Amino acid sequence: MTAPKILVIGSSNTDMVIQTDRLPTPGETVLGGEFLMNPGGKGANQAVAAARLGGKVSFVSRVGTDIFGQEAIEGFQQSGIDTQFVFQDSTAPSGIALILVNQEGENSIAVAPGANGLLRPADIDSIPLNQLVIDFLLMQLEVPIDTVEHAARRAHAMGIKTVLNPAPAQKLSDHLIQQLFMITPNETEAYLLTGVEVHDEPSAHEAANMLQDKGVEIVIITMGAYGAFVKSRDFTGLVPPPEVRPIDTTAAGDTFNGALVVALGMGKTLEEAVRFANCAAALSTTKMGAQASIPAFAEVEGLFYG
Ligand code: RIB
């Protein structure tokens, strides 16, 4: 089987993580457990997930010339990711995320985007998209929205299928949604995009209908422990996840998205691909960290067929 070719455009951060019994309220200090520093960033996590699960991945990002950016690039290369389009910028530091994780594995995240905020449409223009044979373009929203819009427009004009994970949540233009093949919001992001409060299957269906009416072919709404609601021409329904005991849910959504495009690129049906992505995301929650927690292909297959 040839490896699906995935182009990921997005952020790279270094995550500074502290485990605490509970997340502090405003003005409160809580004592935490161990400190963990590990590579993160929604774009980078999705690129690493796609590569670790069998994709041939090129990553487009912007990091600083500091040690964090250098280590991030080395990590991508160790994961077999093509880094020729990871630009190094001497005018801004690499992105940093401060993350607190509570006993239930839930998190609070604040990001200083640094160089991620300087990824420009001109960077996208410097990539010879017509020479790369791409199965899927995968993006998120931790880099400037005009860069995401520009990339989606170029990809659409070339017939490349774009998958947008609209995280962190922000409003999107109808024009951008029209350029997409697939959109994968969680409940909060779906609410911001449609005004529908997603809390069960009927409300997810309603939000998915509204997004499809804007012109995107496939909608997948991720709903944490309930699974993922899928709406497409061939399949509509809730795909439940395997049960696991979560330790840290950071990057579960990123793992889901990276796994999803790889599984589709490998020829799985949409329902199978979502089930595979659910397995990958569930496994990622059983370990601490973002990229550190992304499972290998064999582990995901074990859960998928087990
Ligand atoms: O989705 C998880 C990611 O969000 C973390 O790795 C952090 O860097 C933030 O970008």
Side-chain angles (χ1 to χ4, degrees), residues 8-19 23 35-52 59-64 66 68-69 71-73 75-76 79 81 86 92-102 104-119 138-145 147-148 163-170 183-189 192 220 222-224 228 246-261 277-278 280-295:
V8 181
I9 300 178
S11 60
S12 169
N13 296 328
T14 299
D15 292 353
M16 311 278 179
V17 188
I18 302 177
Q19 268 182 307
L23 303 176
F35 169 73
L36 167 75
M37 187 167 88
N38 84 119
K42 294 186 192 306
N45 297 343
Q46 295 185 17
V48 169
R52 209 166 277 172
F59 185 38
V60 182
S61 193
R62 196 167 265 279
V63 298
D66 47 31
F68 297 121
E71 283 182 355
I73 291 174
F76 303 146
S79 296
I81 294 171
V86 178
S94 299
I96 297 287
L98 299 183
I99 303 182
L100 296 177
V101 180
N102 71 11
E104 285 74 44
E106 299 163 325
N107 60 38
S108 274
I109 305 182
V111 175
N116 293 304
L118 301 179
L119 189 73
L138 177 59
M139 296 193 285
Q140 327 71 34
L141 300 176
E142 265 185 352
V143 294
I145 189 68
T147 305
V148 172
V163 177
L164 179 67
N165 172 225
Q170 67 170 277
I183 192 163
T184 61
N186 64 17
E187 303 103 311
T188 316
E189 292 146 9
L192 195 78
I220 299 180
T222 54
M223 301 170 71
I247 291 173
D248 177 7
T249 56
T250 308
D254 299 330
T255 305
F256 179 93
N257 280 276
L260 178 70
V261 290
N278 273 346
L283 285 169
S284 80
T285 69
T286 63
K287 292 197 183 124
M288 280 299 293
Q291 286 160 44
S293 72
I294 297 170

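Atoms within each ligand, like the ligands themselves, are counted from 1 in listed order. From a predicted model like this one, the values you see are computed outputs, not experimental measurements. Below, each value reflects all heavy atoms present in this structure, side chains not excepted, and no hydrogens, waters or symmetry copies.
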**Request:** Mind checking side-chain hydrogen bond (donor to acceptor under 3.5 Å, both in side chains) for Ser94 and listing every partner two or more places apart, or none if nothing turns up?
**Result:**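 Listed in chain order: Asp66.
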**Fill in**
Nearest non-hydrogen contact to atom 6 (O) of ligand 1 from the set Asp15, Val17, Val111, Asp254 belongs to Asp15
**Complete:** Min over Glu142, Met16, Gln46 of heavy-atom distance to atom 10 (O) of ligand 1 lands on Glu142
Show me which atoms of ligand 1 lie under 4.0 Å from any heavy atom of [X].
| X | value |
| --- | --- |
| Ala97 | 7 (C), 8 (O) |
| Gly40 | 6 (O), 8 (O) |
| Ala290 | 6 (O) |

**Val8 side chain near Gln140 side chain, heavy-atom distance below 4.5 Å** =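 With C-beta onward as the side chain, the pair touches.
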**Asked** What's the shortest distance from atom 3 (C) of ligand 1 to any protein heavy atom, and which residue and atom give it?
**Response** Asn45 ND2, 3.7 Å
Over all atoms of both residues, closest heavy-atom pair of [X] and [Y]:
| X | Y | value |
| --- | --- | --- |
| Ala228 | Ile220 | CB-CG2, 3.9 Å |
| Gly289 | Ser293 | O-OG, 2.9 Å |
| Ile81 | Ala51 | CG1-CB, 3.7 Å |
| Ser11 | Lys42 | OG-N, 3.2 Å |

**Item:** Polar atom proximity, Lys42 to ligand 1 (N or O, under 3.5 Å)
**Value:** yes
**Request:** Return a yes/no value for Thr250: is any of its N or O atoms, backbone included, closer than 3.5 angstrom to an N or O of ligand 1?
**Result:**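 Between Thr250 and ligand 1, no N or O pair is found under 3.5 Å apart.
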**Message:** Can you tell me if Gly41 contacts ligand 1 (heavy atom of the residue under 4.0 Å from the ligand)?
**Reply:**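 Under 4.0 Å: yes for Gly41.
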Show every donor-acceptor pair shorter than 3.5 Å between a side-chain atom in residues 105-114 and any protein atom, with sequence neighbours excluded, or say none if there are none.
residue : atom : partner : partner atom : Å
Glu106  : OE1  : Asn102  : ND2          : 2.8
Asn107  : ND2  : Thr250  : OG1          : 3.0

